[in-house]
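All ligand and atom numbering here is 1-based and tracks the order in the structure. Model, not experiment: these values are computed from the prediction.
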Amino acid sequence: MSLDEFFVTGEPLIYAGMVAIVLVTSAIIFLLTYFKRWGWLWREWLTTVDHKKIGIMYILSALAMLFRGGVDALMMRVQLAFPDLNFLNTQHYNEIFTTHGTVMIIFMLCRF
Ligand code: HEM
């Protein structure tokens with residue numbers, strides 16, 4: 001499989017998404033390293049058995065997924081605002097419809 005088949009090319013929204021992922025991931029790694037918080041993150045949060053902390057992590061991840069599904073919803077609304085807008089092409093609209101539904105039900109609703 002060539003790289004061209006693996007990565008979607010020529011879509012500005014997808015390029016922007018990829019750049020955002022790299023920037024946000026780098027910022028998180030930088031901040032955790034700079035403030036020496038890796039051990040704290042692992043011990044106090046990721047491996048905790050405290051039900052209140054687990055509840056807080058559920059709420060935060062549900063809100064993150066609500067935001068992610070919400071961005072999908074916004075993109076669909078923009079596309080549907082006027083006929084034949086072509087903000088998203090047909091394939092991309094179908095993909096966003098699917099991820100919006102899946103993310104909202106499985107990753108957002110099921111956490112609450
Ligand atoms: C708890 C689950 C869900 C929530 C909270 C939710 C939320 C939303 C919101 C806020 C919008 C924007 C509406 C607008 O501005 O017009 C939207 C749009 C949309 N959602 Fe969902 N959604 C959920 C599940 C689903 C599912 C399961 C599907 C289909 C598989 C779906 C398909 C759509 C479509 C097609 C639109 C665009 C329709 C339009 O904007 O007129 N949603 N959703």
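- Between T48 and I54, the shortest heavy-atom distance links the atoms O-CD1, 3.8 Å.
- Nearest protein heavy-atom neighbour of atom 36 (C) of ligand 1: M76 CE, 3.4 Å.
- Considering only non-hydrogen atoms, atom 18 (C) of ligand 1 lies nearest to A73 out of G69, G70, A73.
- H92 has its side chain within reach of L13: a pair of non-hydrogen atoms, C-beta onward, lies under 4.5 Å apart.
- Around atom 4 (C) of ligand 1, the closest heavy atom drawn from Q79, M75, M104 belongs to M104.
- The environment of W38 atom CH2 is dense: over 12 non-hydrogen atoms of other residues, nucleotides or ligands sit within 6.0 angstrom.
- Within a 4.0 Å radius of atom 2 (C) of ligand 1, the protein contributes at least one heavy atom.
- Listed for the R111 side chain is a donor-acceptor partner under 3.5 Å among the backbone atoms of F107.
- Nearest protein neighbour of atom 26 (C) of ligand 1, counting heavy atoms only, is G101 CA, 3.6 Å.
- S61 places a side-chain N or O within donor-acceptor distance of the main-chain N or O of Y58, the cut-off being under 3.5 Å.
- Closest to atom 14 (C) of ligand 1 among all protein heavy atoms lies R77 CD, 3.2 Å.
- F97 CE2, 3.7 Å is the protein heavy atom nearest to atom 30 (C) of ligand 1.
- S26 pairs in a side chain to side chain contact (heavy atoms under 4.5 Å, CB included) with only one of the listed residues (I28, V22, I29, V24), which is V22.
- Of the protein's non-hydrogen atoms, the one nearest atom 21 (Fe) of ligand 1 is H100 NE2, 2.0 Å.
- Ring planes of F97 and Y93: tilted class, angle from 30 to 60°.
- Distance from atom 38 (C) of ligand 1 to its nearest protein heavy atom, with residue and atom name: L80 CD1, 3.9 Å.
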